[in-house]
Amino acid sequence: MEAKAFCPAHITGFFKAHLEDPQRNLENLGSMGAGFSIKQGVTTRVKIDTKNDQQSNFCIIAKGYQSDKTDVSEYVLNEFLKLGEFSDKFFDIEHEILIPVGYGLGSSSAVALSLSYALDQALNTKLDKIKIGQIAHNAEVNCKTGLGDVLASYHGGFEIRVKAGAPGIGSVEKIITDKIVIMMICFSPISTNKFIKERLPQINGLGGKMVNKLLESKNYEHFQDMSLEFAKYVDVMTPRMQKLVDELSQKDIKCGIALFGETVFSMIPKEKENDVLEILQKYPEGSIIKSELDDQGARVLFN
Ligand SMILES: Nc1ncnc2c1ncn2[C@@H]1O[C@H](COP(=O)(O)OP(=O)(O)O)[C@@H](O)[C@H]1O
Ligand SMILES: CC(C)(COP(=O)(O)O)[C@@H](O)C(=O)O
């Protein structure tokens, strides 16, 4: 039994955290906000064999970018193990992570959601898509690696998260854009876990208002302006990011900040791609990623 699934990386430009729920259901927690899913992401392959004399019943490896922990994947696997009698099975899990981990590209949610889809397929558990999404969302929220990325990358595209929560509870409105290119530069990681634990309570005003404003304009340039304002408000803007933002703005190029990472992104029409690239290349210490929107969202791969 083998299966493969893909989940796009997701970038948040601004958000409002929802961390209170009287019933303490993880599905009801999450965030409102806005962001977009891109073509690159995480592909997860699951192979299920009979367990022999291995000590553990699973192994999780990452190809591509590596991470310090695997607790998100383990949470997802454990939720599936509760669904049936699988004690004689060995789970061989391989994440192919083609986006840097910890830079605001939602790698942990892409890991969780691609694994959830792949496990459902390999185990033939035939869960509702919403349930598959909820397992991944709960893993993210429980491990404090993200709040709204699973909801967003479940739907794909350029989205406004108008209601917080897991798929099935939270909801998104998609913004249709002309064909755009997305250029990004990743400088250094920021731990989402640390941010959620230590700083989130101080920052909860602006994101909700921005959601309402974007619902009116539905414009990606406006989205980027608000993302910059939000990054300053939550105090993640470094001098290096500010310098780059200023340089882009001198050339009339809009950009935003990927939360939470020291990452600047620019959503632009194709004609401006080379202008942006020329500026980004002045920062050899950063990794440049070129992409486009992924409109489909997470999915099982059948080849
Ligand atoms: N299987 C996994 N693969 C990648 N990261 C994982 C996994 N399980 C848990 N994590 C945690 O998630 C972190 C990445 O999430 P986060 O800090 O939110 O970054 P990103 O912005 O890329 O989502 C990693 O540093 C790691 O601690
Ligand atoms: C911004 C964040 C809380 C974290 O995003 P990341 O660092 O990419 O996991 C996201 O999950 C959101 O709710 O919008």
Side-chain angles (χ1 to χ4, degrees), residues 7-19 29-38 40-44 46 58-78 91 93-116 118 136-137 139-154 159-161 163-166 170 172 184 186 188-200 203-204 207-208 210-211 227 230-231 234 236 256-263 265 287 289:
C7 179
H10 174 263
I11 289 96
T12 288
F14 57 81
F15 70 99
K16 176 177 194 269
H18 286 253
L19 294 170
L29 309 182
S31 67
M32 295 169 76
F36 56 90
S37 297
I38 59 169
Q40 293 91 334
V42 175
T43 299
T44 296
V46 171
F58 70 91
C59 97
I60 299 169
I61 62 156
K63 281 205 319 197
Y65 289 96
Q66 301 295 313
S67 86
D68 51 344
K69 285 196 232 158
T70 55
D71 53 344
V72 169
S73 312
E74 286 175 47
Y75 184 104
V76 171
L77 175 61
N78 281 325
F91 294 82
I93 296 168
E94 182 187 281
H95 296 297
E96 189 183 15
I97 306 179
L98 296 183
I99 33 137
V101 175
Y103 289 76
L105 274 60
S107 64
S108 44
S109 109
V111 155
L113 192 50
S114 57
L115 176 58
S116 197
H137 171 91
E140 267 271 272
V141 175
N142 178 72
C143 298
K144 297 193 164 52
T145 48
L147 296 169
D149 288 318
V150 168
L151 174 66
S153 55
Y154 176 88
E159 99 292 337
I160 311 177
R161 276 168 278 134
K163 182 167 182 266
V172 309
M184 283 183 283
C186 302
S188 66
I190 297 178
S191 165
T192 303
N193 184 290
K194 218 165 159 255
F195 203 100
I196 290 178
K197 283 184 181 155
E198 292 169 15
R199 299 198 32 215
L200 215 49
I203 64 155
N204 240 349
M210 288 182 165
V211 163
S227 169
F230 192 83
V234 299
V236 291
I257 305 302
L259 302 168
F260 284 108
E262 197 191 349
T263 296
F265 66 81
S287 333
I289 298 173

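Keep in mind that the numbers below use all heavy atoms, side chains included, and drop hydrogens, waters and symmetry copies. Order of appearance sets the numbers: ligands from 1, and atoms from 1 within every ligand.
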If the cut-off is 4.0 Å to any non-hydrogen atom of L105, which atoms of ligand 2 fall inside it? 8 (O)
Is it the case that ligand 1 has an N or O less than 3.5 angstrom from some N or O of V72? yes
Within a distance under 4.0 Å of any heavy atom of S73, pick out the atoms of ligand 1 and give their elements. 1 (N), 2 (C)
Between ligand 2 and I196, is the shortest N or O to N or O distance under 3.5 Å? no
Report yes or no: does a heavy atom of R161 sit under 4.0 Å from some atom of ligand 2? yes
Considering only heavy atoms of L105, which atoms of ligand 1 have at least one such atom less than 4.0 Å away? 21 (O)
Looking at atom 1 (C) of ligand 2, what's its closest protein heavy atom, distance included? L259 O, 3.7 Å
Can you find an N/O atom of G146 closer than 3.5 Å to an N/O atom of ligand 2? no
Quick one: nearest non-hydrogen protein atom to atom 5 (O) of ligand 2, plus distance? D149 OD2, 3.1 Å
Strictly under 4.0 Å, does any heavy atom of G33 approach an atom of ligand 2? no
Does any non-hydrogen side-chain atom of T263 lie less than 4.5 Å from one of C186? yes
Contact atoms of ligand 2, heavy-atom distance to T192 under 4.0 Å: 4 (C), 6 (P), 7 (O), 9 (O)
Using a distance-only test with no angle check, is there a side-chain donor-acceptor pair under 3.5 angstrom linking T44 and H95? yes
Nearest protein heavy atom to atom 15 (O) of ligand 1, by residue and atom, and its distance? S108 OG, 3.2 Å
Hey, does I160 have a side-chain heavy atom less than 4.5 Å from the side chain of V172? no
Where on D71 is there a heavy atom closer than 4.0 Å to ligand 1, on the side chain, on the backbone, on both, or on neither? both
Of the options V211, L200, L147, which is the one that meets S31 in a side chain to side chain contact (heavy atoms under 4.5 Å, CB included)? L147
From G102, A62, A110 - option closest to atom 19 (O) of ligand 1 by heavy atom: G102
Kindly confirm or rule out an N or O of S31 lying under 3.5 angstrom from an N or O of ligand 2. yes
Do E74 and F58 come within less than 4.5 Å of each other through their side chains, counting heavy atoms only? yes
How are the rings of F230 and F14 set relative to one another: parallel (under 30°), tilted (30 to 60°) or perpendicular (over 60°)? tilted
Contact check, side chains of R161 and T12, non-hydrogen atoms, under 4.5 Å: yes
Residue and atom name of the nearest protein heavy atom (relative to atom 23 (O) of ligand 1), distance in Å to one decimal: S107 N, 3.0 Å
Examine the proximity of ligand 1 to T145 and report which part, side chain or backbone, both or neither, has a heavy atom under 4.0 Å away. both
Any S227 side-chain heavy atom under 4.5 Å of F265 side chain: yes
From I11 CD1 over to S153 OG, what is the distance, rounded to the nearest 0.5 angstrom? 10.5 Å
For the 3.5 Å polar cut-off, considering only N or O atoms, please tell me whether G104 and ligand 1 meet it. yes
Going by heavy atoms, is N193 under 4.0 Å from ligand 1? no
Atom pair NZ/CD1 of K63 and I97 - distance to nearest 0.5 Å: 11.5 Å
Tell me which part of T145 gets within contact of ligand 2: side chain, backbone, both or neither, using heavy atoms under 4.0 Å. backbone
Are I289 and P100 side-chain neighbours, meaning at least one heavy-atom pair lies under 4.5 Å? yes
Is D68 close to ligand 1, meaning an N/O of one under 3.5 Å from an N/O of the other? yes
G106 versus ligand 2: do any nitrogen or oxygen atoms come within less than 3.5 Å of each other? yes
Where's the contact between L147 and ligand 2, heavy-atom distance under 4.0 Å: side chain, backbone, both or neither? both
When distances are taken from atom 14 (O) of ligand 2, the protein heavy atom at minimum range is T12 OG1, 2.7 Å
With a cut-off of 4.0 Å, which atoms of ligand 1 are near a heavy atom of G106? 20 (P), 21 (O), 22 (O), 23 (O)
Do any N/O atoms on E140 end up under 3.5 angstrom from N/O atoms on ligand 2? no
Decide whether an N or O pair under 3.5 Å exists between S108 and ligand 2. no
So do F15 and I203 actually touch side chain to side chain, heavy atoms under 4.5 Å? yes
Going by the closest heavy atom to atom 7 (C) of ligand 1, which one wins out of E140, Q66, K69, K144? K69
Per-atom contacts of ligand 1 with T192, taking only distances under 4.0 Å to non-hydrogen atoms: 16 (P), 17 (O), 18 (O)
